[in-house]
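One structure is given here, and the rest of the page talks about it.
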Number of protein chains: 2
Amino acid sequence: MLQQATSLDLAFQALADPVRRAMVERLSRGPATVSELARPLTMSLSAIGQHLRVLETSGLVRSEKVGRLRTCWIDPAGLLVTGRWIIARQASVERDLERLGEHLAAPTDPWRDP
Amino acid sequence: MLQQATSLDLAFQALADPVRRAMVERLSRGPATVSELARPLTMSLSAIGQHLRVLETSGLVRSEKVGRLRTCWIDPAGLLVTGRWIIARQASVERDLERLGEHLAAPTDPWRDP
DNA sequence: AAAATACTTTAGTCATGACTTGACCATCTC
DNA sequence: GAGATGGTCAAGTCATGACTAAAGTATTTT
């Protein structure tokens with residue numbers, strides 16, 4: 001089914017993993033190196049590198065290597081696309097519930113006994 | 001690593017799949033039966049049933065069967081937990097950028113040449 | 001009662017994901 | 001320049017995910 005992952009796919013897939021969410025949580029408090037990201041997580045540095053790559057290709061995180069340290073930070077635009085999708089659904093649900101409310105409040109049902 | 005999936009895990013994992021997001025999009029415009037959900041998606045009814053189960057255990061969707069029709073609808077509380085997580089990260093990032101801004105704006109650096 | 005509808009279940013396949021290990025390569029530090 | 005530090009690459013393993021196909025169940029229609 002998945003023939004061409006959209007940026008929304010990549011972002012939600014990236015956030016689906018608790019380790020990657022932990023990394024995003026850490027980075028949302030400020031930039032960090034790969035080792036700093038790895039420190040609280042019981043996992044090889046290699047694994048963290050792989051998670052980081054997922055986060056980068058999803059657009060949620062960016063990074064740059066200077067010397068032997070790679071510094072990572074959040075790209076706010078990445079969070080924005082996922083946030084917008086959720087908010088749009090919430091708005092849609094609210095509108096739907098509103099319509100339902102109006103319907104129940106209506107004194108007569110125009111569809112019945114025309 | 002994943003020993004006990006939290007509700008946040010389940011919700012993000014559920015939204016990571018484009019088919020399931022399409023189902024949520026449909027349901028956010030109002031309730032629907034399983035067949036109605038399946039109609040626009042080129043996939044067996046069985047597959048849709050399986051996606052539905054994922055959405056239900058994640059807390060994003062609820063459903064009830066009456067007669068031979070199962071009607072599904074969004075549980076707004078489900079969208080809320082994911083939305084809150086994202087908004088919290090965005091807020092955190094903004095605070096961080098603000099701190100950075102203050103730092104750059106400061107006329108002198110108290111850490112240098114004490 | 002037979003046929004159609006609307007799922008549901010089970011079992012199996014195939015692809016993808018999340019790691020680990022070990023070798024490797026720069027770049028600092030001494 | 002030797003050793004430690006910080007990261008990267010390439011395999012390989014093991015579990016999970018996304019389906020399908022086929023058979024089964026419960027309801028509704030005719």
Side-chain angles (χ1 to χ4, degrees), chain A residues 1-27 31-73, chain B residues 1-27 31-73:
Chain A
M1 193 86 234
L2 233 182
Q3 46 203 45
Q4 178 191 3
T6 71
S7 78
L8 210 51
D9 281 322
L10 293 175
F12 274 116
Q13 271 161 21
L15 292 176
D17 188 285
V19 172
R20 286 192 293 262
R21 280 207 311 283
M23 290 168 73
V24 168
E25 252 169 277
R26 169 60 191 72
L27 290 176
T33 67
V34 178
S35 296
E36 281 167 354
L37 286 176
R39 192 121 41 222
L41 302 166
T42 59
M43 190 174 299
S44 74
L45 200 61
S46 179
I48 297 297
Q50 291 170 45
H51 279 302
L52 178 59
R53 227 157 65 100
V54 173
L55 288 169
E56 285 208 61
T57 65
S58 79
L60 287 163
V61 168
R62 297 190 58 193
S63 79
E64 196 183 358
K65 190 165 183 173
V66 40
R68 58 181 172 176
L69 280 75
R70 176 173 295 275
T71 305
C72 317
W73 62 91
Chain B
M1 193 87 232
L2 235 181
Q3 47 200 45
Q4 177 191 2
T6 72
S7 76
L8 210 51
D9 282 322
L10 294 175
F12 274 116
Q13 270 160 22
L15 293 176
D17 188 284
V19 173
R20 286 193 293 263
R21 278 207 313 283
M23 292 169 72
V24 167
E25 251 169 278
R26 169 60 192 74
L27 291 176
T33 67
V34 178
S35 296
E36 283 168 352
L37 285 175
R39 193 121 40 222
L41 302 167
T42 59
M43 191 174 298
S44 74
L45 200 60
S46 179
I48 298 297
Q50 291 169 44
H51 279 303
L52 178 60
R53 227 159 64 98
V54 173
L55 287 169
E56 284 208 63
T57 64
S58 80
L60 286 164
V61 168
R62 296 190 58 191
S63 79
E64 195 183 359
K65 190 166 186 173
V66 38
R68 59 180 170 174
L69 280 74
R70 176 174 295 275
T71 305
C72 316
W73 63 90

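Everything quoted here is computed from the prediction, not taken from an experiment.
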query = Quick one: is dC19(D) close enough that its OP1 or OP2 comes under 4.0 Å of any side-chain N or O from His51(B)?
reply = yes
inquiry  = From CZ of Arg70(A) over to C1' of dA26(C), roughly how many Å is that when rounded to an integer?
reply    = 13 Å
key: Interatomic distance where CG belongs to Leu45(A) and C1' belongs to dA4(D) [whole Å]   = 15 Å
inquiry  = Can you list every stem that DNA chain C is part of, counting only runs of 3 or more consecutive Watson-Crick or G-U wobble pairs with both distances under 3.5 Å?
reply    = C:1-30 with D:1-30
Qualifying side-chain hydrogen bond (donor to acceptor under 3.5 Å, both in side chains) pairs with a residue from residues 53-62 of chain B, counting only residues at least two apart or across chains = Glu56(B)-Ser63(B)
ask   = Tell me: CD of Gln13(A) to P of dT16(D), nearest whole Å?
value = 18 Å
inquiry  = Just to verify, what does Glu25(A) make a side chain to side chain contact (heavy atoms under 4.5 Å, CB included) with, not counting sequence neighbours?
reply    = Trp85(B), Arg89(B)
inquiry  = Output the rounded distance in Å from CE (Met43(A)) to C1' (dT21(C)).
reply    = 15 Å
Residue of the set Leu37(A), Asp17(A), Val61(A) for which side chain to side chain contact (heavy atoms under 4.5 Å, CB included) holds with His51(A) = Asp17(A)
task = Can you tell me the distance, in whole Å, between the CG atom of Leu37(B) and the P atom of dA6(C)?
result = 13 Å
ask   = Roughly how far, to the nearest 0.5 Å, is the CD atom of Gln13(A) from the OG1 atom of Thr6(A)?
value = 8.5 Å
inquiry  = What is the separation between atom CD1 on Ile48(A) and atom P on dC9(D), rounded to the nearest whole Å?
reply    = 16 Å
Partner set under side chain to side chain contact (heavy atoms under 4.5 Å, CB included) for Val34(A), not counting sequence neighbours = Leu45(A), Ile48(A), Leu52(A), Arg70(A), Cys72(A)
message = Counting the atoms with a prime plus P, OP1 and OP2 as sugar-phosphate, which does Ser35(B) contact under 4.0 Å by heavy atoms, base, sugar-phosphate, or nothing?
response = sugar-phosphate
remark   = Which of dA18(D), dA18(C), dT20(C) is nearest the side chain of Asp17(A)? It is dA18(C)
note = To the nearest angstrom, the CG-C1' distance between Leu52(B) and dT9(C) comes to 15 Å
note = Those residues at least two apart in sequence (or on a different chain) that pass side-chain hydrogen bond (donor to acceptor under 3.5 Å, both in side chains) with Thr71(B) are none
query = dT20(C), dC19(D), dT8(D): which one has an atom nearest the side-chain heavy atoms of Gln50(B)?
reply = dC19(D)
request  = Could you check Arg20(A) against Ser46(A) and say which one's nearest nucleotide on DNA chain C is further toward the 5' end?
outcome  = Arg20(A)
task = List for me each residue that meets side-chain hydrogen bond (donor to acceptor under 3.5 Å, both in side chains) alongside Ser44(B), sequence neighbours excluded, and say none if there are none.
result = none
ask   = Heavy-atom contacts under 4.0 Å between residues 58-69 of chain B and DNA chain C, which residues?
value = Lys65(B), Arg68(B), Leu69(B)
request  = Kindly write out the residues that satisfy salt bridge (charged side-chain N to carboxylate O under 4.0 Å, His left out) with Arg26(A), not counting sequence neighbours, or none if the list is empty.
outcome  = none
query = In whole Å, what is the span from the CZ atom of Arg53(B) to the P atom of dT8(C)?
reply = 11 Å
inquiry  = List the residues meeting side-chain hydrogen bond (donor to acceptor under 3.5 Å, both in side chains) with Thr33(B), not counting sequence neighbours, and say none if there are none.
reply    = none
